[in-house]
Amino acid sequence: AEPPPRLAPALASSTLLRAPNLTSVAQLGAMSLAAGATLLGAVGHLANLGQFVEIGQGHAYQKEQMAWARRAYCLDSRALRIDLLNAVKEDVRDHHQTYAGRIDTLL
């Protein structure tokens, strides 16, 4: 099943029937190596981008935590002031009752 003689020179000159050229194989290897390096570089940039996004998220989280800590501090300081005022109020009430009781006993 040989091709007809008039097609044989055309097929022989096609690149499919030629033996692979070693320089073209080396060029393909170099191109695939360059493509791999480019892909690794892109993955490295994506990793850097991921770290940058992680830093941004950490910043937002820290900012939110600081806001909550500030609110908790304000609530704690208010609670302390209220407790102090309640203690002063009880002391004043006790002193008043003591003096009121002394006045009643003197009469």
Side-chain angles (χ1 to χ4, degrees):
E2 288 197 25
R6 62 182 175 185
L7 293 178
L11 288 176
S13 67
S14 78
T15 57
L16 294 175
L17 295 179
R18 279 192 238 160
N21 189 355
L22 291 180
T23 58
S24 66
V25 171
Q27 287 174 348
L28 284 175
M31 287 186 345
S32 66
L33 185 63
T38 303
L39 181 64
L40 285 177
V43 169
H45 287 301
L46 284 177
N48 290 340
L49 180 64
Q51 289 173 348
F52 184 71
V53 168
E54 184 178 346
I55 289 171
Q57 286 177 339
H59 174 72
Y61 179 75
Q62 178 67 17
K63 194 173 182 180
E64 183 179 348
Q65 289 301 313
M66 290 302 293
W68 281 109
R70 190 175 299 117
R71 289 180 187 136
Y73 173 77
C74 289
L75 287 175
D76 287 345
S77 64
R78 284 181 188 169
L80 182 62
R81 277 186 275 163
I82 290 171
D83 288 343
L84 287 173
L85 288 173
N86 282 335
V88 168
K89 180 179 74 172
E90 289 175 9
D91 283 346
V92 169
R93 182 179 293 145
D94 288 340
H95 284 289
H96 179 267
Q97 287 177 353
T98 302
Y99 289 123
R102 285 186 186 169
I103 292 173
D104 287 339
T105 56
L106 294 177
L107 292 175

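Along the sequence shown, residues are numbered consecutively beginning with 1.
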Can you give the donor-acceptor pairs under 3.5 Å from side chains of residues 68-79 to other protein atoms, not counting sequence neighbours?
unit_1 : atom_1 : unit_2 : atom_2 : d
S77    : OG     : Y73    : O      : 3.3
S77    : OG     : C74    : O      : 2.9

- Apart from V88 itself, which Ile, Leu, Val, Met, Phe, Trp or Tyr residues share its cluster (side-chain heavy atoms under 4.5 Å, direct or through members)? V92
- Task: Measure the spacing between CG of L85 and CG of L80 and express it to the nearest 0.5 Å.
- Result: 9.5 Å
- What distance do I82 atom CD1 and K89 atom NZ have between them, rounded to the nearest 0.5 Å? 10.5 Å
- Message: Are there over 12 heavy-atom neighbours, none belonging to Q65, within less than 6.0 Å of that residue's CD?
- Response: yes
- Name the one of K63, E64, Q62 that satisfies side chain to side chain contact (heavy atoms under 4.5 Å, CB included) with M66? Q62
